[in-house]
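The structure under discussion appears below in the form of structure tokens.
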Amino acid sequence: MKYKYIIWDWNGTLYNDVQICIDAMNELLEMKGYDTVLSAERYKKIFCFPVKKYYERIGFDFSVHPFEMLAEEYISLYSKKEKEALLFPNTNTVLNIISKSCAVQTVISACEKKRLAKQINLFGIMKYFSCAIGTDDNLAVSKVELAKKWVKDNHINTDDVVFIGDTTHDYEVASAVGCDCILVCGGHQSTDILKKTGAQLVDNIEGVIELI
């Protein structure tokens, strides 16, 4: 493998929580009295980081329902569905192949750090990662600084790093860090949106093996 360090995004890349995200949001919309029903197609077109902008695109009125309140209520609904979501097919196989190559694998996610650890441990795959780095809150603003700090603290040459994710934000993180990026289709954003980044795209997680 040409990379010594593999940084994984979590949600939508390894952990397939797309449908439970849609279901939780539709419950929130109904609770707050909105007529909107979010389809999978529309979700993948409007989802973005920071997620506050995504809430705006859905149509939430923050003067009536403050974003911070909505975010906490959404997480409560999402939490009840977490065990319904699974890893993407062949995730264990891919992680094991990379592990045997001696490349260091890390997770850097916009997911709150305790929730991230809980989700990873549900599947018993923490053994593959040197660490799993999440955020301090549920607002999912950005993970750029998390990635920069990890690279700096570990004195890593970014030529040896690839960031693998499923959104344009993952590409933005890779660009900010100065490393290569691979985007996996089938996560939280549509393939058409991912294509606009110019990053290497793969149809599924198995596709990353030949690129790293």
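Values below: all heavy atoms of this structure, side chains included; hydrogens, waters and symmetry mates excluded.
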Check your understanding: Is the backbone N or O of Ala110 less than 3.5 Å from a side-chain atom of Thr135, with the two atoms forming a donor-acceptor pair by type?
Key -> yes

Practice item. Quick one: pull up CD1 in Ile182 and CD1 in Ile205 and give me the separation to the nearest 0.5 Å. Key: 10.5 Å

**Study point:** Remaining members of hydrophobic cluster (4.5 Å side-chain criterion), Tyr5
**Key:** Ile7, Val104, Ile108, Ile133, Val144, Leu146, Trp150, Val151, Ile156, Val161, Phe163, Val173, Val177

**Study point:** Over 12 foreign heavy atoms within 6.0 Å of CG, Asp35
**Key:** no

Check your understanding: Cluster question for you: counting only ILVMFWY and a side-chain heavy-atom cut-off of under 4.5 Å, with indirect links fine, are Phe129 and Ile209 together?
Key -> yes

Point to revise | Worked check of side chain to side chain contact (heavy atoms under 4.5 Å, CB included) between Leu211 and Val202 | key: CA-CA 9 Å; Leu211 297 179; Val202 292; 3.5 Å; yes

Practice item. Could you grab the distance from atom CG of Leu201 to atom SG of Cys181, nearest 0.5 Å is fine? Key: 9.0 Å

Check your understanding: Between Ser99 and Asn96, is there a donor-acceptor pair closer than 3.5 Å when you use the side chain of the first and the backbone of the second?
Key -> no

Exercise for review: Indicate whether any N or O donor in one side chain lies under 3.5 Å from an N or O acceptor in the other, for Tyr34 and His65.
Suggested key: yes

Point to revise | Working for side chain to side chain contact (heavy atoms under 4.5 Å, CB included), residues Val208 and Gln200 | key: CA-CA 9 Å; Val208 306; Gln200 295 185 96; over 6 Å; no

**Study point:** Check: Val51 and Phe67 side chains under 4.5 Å, non-hydrogen atoms
**Key:** yes

Practice item. Please examine the side chains of Ile22 and Met25, heavy atoms only from C-beta on, and report whether any two atoms are closer than 4.5 Å. Key: no

Point to revise | Nearest atoms (heavy-atom pairs only) where Leu116 meets Cys111 | key: N-SG, 3.6 Å

Point to revise | Residue pair Lys44 / Ile193, side-chain heavy-atom distance below 4.5 Å | key: no

Exercise for review: For Asn154, check side chain to side chain donor-acceptor pair (under 3.5 Å) against everything at least two apart and list the hits.
Suggested key: none

Review point. If every non-hydrogen atom of Thr106 is compared with every non-hydrogen atom of Ser130, which pair is closest and at what distance?
Key: OG1-OG, 2.9 Å

Exercise for review: Apply the test side chain to side chain contact (heavy atoms under 4.5 Å, CB included) to residues Ile98 and Ile212: give CA-CA distance (whole Å), side-chain angles for both, the deciding distance (0.1 Å), then the verdict.
Suggested key: CA-CA 9 Å; Ile98 297 172; Ile212 62 175; 3.5 Å; yes

Check your understanding: Is the distance between the ring centroids of Tyr54 and Tyr43 under 6.0 Å?
Key -> yes

Check your understanding: Can you tell me how far SG of Cys102 sits from NZ of Lys4, rounded to the nearest 0.5 angstrom?
Key -> 12.0 Å

Revision key, fill the gap. All heavy atoms of Pro89 vs all of Glu206, minimum pair found to be O-OE1, 4.0 Å

Point to revise | Side-chain touch Trp8/Val94, heavy atoms, less than 4.5 angstrom | key: yes

Point to revise | side chain to side chain contact (heavy atoms under 4.5 Å, CB included) evaluation trace for Met126 with Asn121 | key: CA-CA 6 Å; Met126 191 60 218; Asn121 287 328; 3.8 Å; yes

Check your understanding: Do other residues, nucleotides or ligands put more than 12 heavy atoms under 6.0 Å from Asp61 CG?
Key -> yes

Check your understanding: Partners of Thr168 by side chain to side chain donor-acceptor pair (under 3.5 Å), sequence neighbours excluded?
Key -> Gln189

Review point. Under a single-linkage rule joining Ile, Leu, Val, Met, Phe, Trp and Tyr whose side-chain heavy atoms are separated by less than 4.5 Å, which residues share a cluster with Val64?
Key: none

Review point. Is there a donor-acceptor contact under 3.5 Å linking the side chains of Asn26 and Glu30?
Key: no

Check your understanding: Can you tell me how far CG of Leu38 sits from CD1 of Ile46, rounded to the nearest 0.5 angstrom?
Key -> 5.0 Å

Exercise for review: State the CG-CG distance between Leu95 and Leu14, to the nearest 0.5 angstrom.
Suggested key: 5.5 Å

Review point. Considering only heavy atoms from C-beta outward, does the side chain of Thr13 approach that of Ile164 to under 4.5 Å?
Key: yes

Check your understanding: If you take all heavy atoms of Ala24 and Leu77, which pair is closest and at what distance?
Key -> O-CD1, 3.6 Å

Study note, to complete from the structure: Correct closest heavy-atom pair for His188 and Asp166 would be N-OD2, 2.7 Å

Review point. Out of curiosity, does Ile6 fall in the hydrophobic cluster containing Tyr15 (side-chain heavy atoms, cut-off under 4.5 Å, transitive links)?
Key: yes

Exercise for review: Determine, for Lys45 against Glu41, whether the closest basic-nitrogen to carboxylate-oxygen distance falls under 4.0 angstrom.
Suggested key: yes

Taking only distance into account, with no hydrogens and no angle test, what donor-acceptor pairs under 3.5 Å do side-chain atoms of residues 78-88 form with protein atoms, sequence neighbours excluded?
| from | atom 1 | to | atom 2 | distance (Å) |
| --- | --- | --- | --- | --- |
| Tyr78 | OH | Asn11 | ND2 | 3.4 |
| Tyr78 | OH | Asp17 | OD2 | 2.7 |
| Tyr78 | OH | Gln119 | NE2 | 3.1 |
| Ser79 | OG | Ile75 | O | 2.7 |
| Ser79 | OG | Arg115 | NH1 | 2.8 |
| Ser79 | OG | Arg115 | NH2 | 3.1 |
| Lys81 | NZ | Glu27 | OE2 | 2.6 |
| Glu82 | OE1 | Lys118 | NZ | 3.3 |
| Glu82 | OE2 | Arg115 | NH1 | 2.9 |
| Glu82 | OE2 | Gln119 | NE2 | 2.8 |

Revision key, fill the gap. Interatomic distance, CG@Leu70 vs CE@Met31, rounded to 0.5 Å, equals 9.5 Å

Practice item. Check Glu73 against Lys32 and note the closest heavy-atom contact, atom names and distance. Key: OE2-NZ, 2.9 Å

Practice item. Find out if a path of hydrophobic residues (ILVMFWY) with successive side-chain heavy-atom gaps under 4.5 Å connects Tyr55 to Val37. Key: no

Review point. Is there any salt bridge (Lys or Arg N to Asp or Glu O under 4.0 Å) pair reaching into residues 170-196, and which pairs are they, with sequence neighbours excluded?
Key: Lys143-Asp170

